[in-house]
Amino acid sequence: MTNNDILRRLRYTFDFSDTKMIGVFRHADLAVTRVQLTSWLKKEEESGYIRMSDLEMATFLNGLIIEKRGRQEGDQPVPEKRLNNNIIFRKLKIALNLTADDILEILKLASVRLSKHELSALFRKQGHQNYRECQDQILRNFLSGLQSQMRDKAPGAKGNKPERTTATAAATTDKPVRKPAAEKRPKEEVKFVVDKPAADKATKAATVDSNSVWAKALAKSGKKN
């Protein structure tokens, strides 16, 4: 793996902006411009690509340790002029304060299984009888597992769809509840009165009450005649 590959992976894993990346370099007393950073983040086949040196990569990792763990008292670590995968792996372990069990779990996310003995050999000093060289495959899988743990499988990372609201939940909201319409009372049946046809005068005269004033007057005049 190249230093540029590692830088791109770490940028994505930690979701660092350009400003944040420049700040990490500044922690380790290296002033980096946005143009430099952009050229390091490009791929080899892209125009403007510049290969990142070991010294620059070591400086970034030292800055990452300060970013994640804080600045230690006294003299700060001097960035290495020559790097290998073992040193990069060890700096990442320190920056993230990882235990052996933590690292083994991260490697499992990339379908890699190591024993604690095999893992400890990667962090031995070069020249130690149990020292083991860290191959690109191991470092690449560690970075993939770290990305899976910190970025891809983070809670809520796969979309933030709103929860569906059920009828019960809707009833508990602050919105006013629409009251059901009151039952309509049946209209009272309207009775229509049909006027009877008016009777003729002869009929009216025949139906006049015999006790009325008009009837008494007629009877009286009849007697006089």
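FYI, side chains are in, hydrogens and waters are out, and symmetry mates aren't considered; it's all heavy atoms of this structure.
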ILVMFWY network linking [X] to [Y], side-chain heavy atoms under 4.5 angstrom:
X      : Y      : value
Ile65  : Leu96  : no
Leu104 : Phe89  : yes
Ile50  : Leu83  : yes
Tyr12  : Leu41  : no
Met150 : Leu107 : yes

Output the distance between atom [atom1] ([X]) and atom [atom2] ([Y]), rounded to the nearest 0.5 Å.
X      : Y      : atom1 : atom2 : answer
Cys134 : Arg90  : SG    : CZ    : 10.5 Å
Ile6   : Asn85  : CD1   : CG    : 6.0 Å
Leu119 : Ile138 : CG    : CD1   : 9.0 Å
Ile22  : His27  : CD1   : NE2   : 12.5 Å
Met52  : Leu7   : CE    : CG    : 4.5 Å
His117 : Arg132 : NE2   : CZ    : 9.0 Å

Donor + acceptor pair across side chains of [X], [Y] (<3.5 Å):
X      : Y      : result
Ser53  : Glu56  : yes
Ser144 : Asn141 : no
Asp5   : Thr2   : yes

[X] atom [atom1]: more than 12 heavy-atom contacts under 6.0 Å:
X      : atom1 : value
Glu118 : CD    : yes
His128 : NE2   : yes
Glu73  : CD    : no
Arg51  : CZ    : no

Exercise. Test Leu61 against Ile88 for side-chain contact (heavy atoms from CB on, under 4.5 Å), laying out the working first.
Key: CA-CA 8 Å; Leu61 293 173; Ile88 294 172; 4.0 Å; yes
Quiz item: For Phe142, which of Leu109, Leu98, Val112 qualifies under side chain to side chain contact (heavy atoms under 4.5 Å, CB included)?
Solution: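 Of the listed residues Leu109, Leu98, Val112, the side chain to side chain contact (heavy atoms under 4.5 Å, CB included) partner of Phe142 is Leu98.
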Self-check item: Of Leu92, Ile103, Ile106, the residue whose pairing with Leu146 passes side chain to side chain contact (heavy atoms under 4.5 Å, CB included)
Solution: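 Exactly one option meets the side chain to side chain contact (heavy atoms under 4.5 Å, CB included) with Leu146, and it is Ile106.
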Would you say [X] and [Y] make side-chain contact, with heavy atoms under 4.5 Å?
X     : Y      : answer
Arg69 : Asn97  : yes
Thr13 : Leu143 : no
Met1  : Arg9   : yes

Exercise. Carefully, step by step, assess Val24 and Arg11 under the rule side-chain contact (heavy atoms from CB on, under 4.5 Å).
Key: CA-CA 11 Å; Val24 172; Arg11 172 190 170 88; over 6 Å; no
Quiz item: Closest heavy-atom contact between Ala58 and Pro79?
Solution: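 Taking every non-hydrogen atom into account, CB-CB, 3.9 Å.
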Exercise. Please report the closest heavy-atom contact between Gln76 and Gln72, naming both atoms and the distance.
Key: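 Taking every non-hydrogen atom into account, NE2-O, 2.9 Å.
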Practice problem: Could you check Glu133 against Asn84 for side-chain contact (heavy atoms from CB on, under 4.5 Å), going step by step and ending with a plain yes or no? | Solution: CA-CA 9 Å; Glu133 185 178 348; Asn84 57 32; over 6 Å; no
Quiz item: So, the side chain of Asn62 versus the backbone of Thr59: is there a donor-acceptor pair under 3.5 Å, distance only?
Solution: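 Flag not set: sc Asn62 to bb Thr59 has no pair under 3.5 Å.
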Quiz item: Looking only at atom types and distance, does a side-chain atom of Arg8 sit under 3.5 Å from a main-chain N or O of Lys42, one as donor and one as acceptor?
Solution: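 The answer is yes, because a donor-acceptor pair under 3.5 Å joins these two groups.
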Quiz item: Quick one: are the ring centres of Trp40 and Phe60 less than 6.0 Å apart?
Solution: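 No, ring centres 6.0 Å or more apart.
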Exercise. Starting from the C-alpha separation in whole Å, work towards a yes-or-no answer on side-chain contact (heavy atoms from CB on, under 4.5 Å) for Phe14 and Leu64.
Key: CA-CA 10 Å; Phe14 297 116; Leu64 185 63; 4.0 Å; yes
Quiz prompt | Glu80 with Lys91: basic N within carboxylate O range, under 4.0 Å | solution =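 Yes, Glu80 and Lys91 are salt-bridged.
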Exercise. For the pair Asp15 and Arg151, find out whether any cationic side-chain nitrogen is under 4.0 Å from an anionic carboxylate oxygen.
Key: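 So Asp15 pairs with Arg151 through a salt bridge.
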Quiz item: Do the numbers put Lys43 on top of the ring of Tyr49, so that NZ or CZ is under 6.0 Å from the six-membered ring centre and no more than 45° off the axis?
Solution: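 Judged by the rule (NZ or CZ under 6.0 Å from the ring centre, within 45° of its axis), Lys43 is not positioned above Tyr49.
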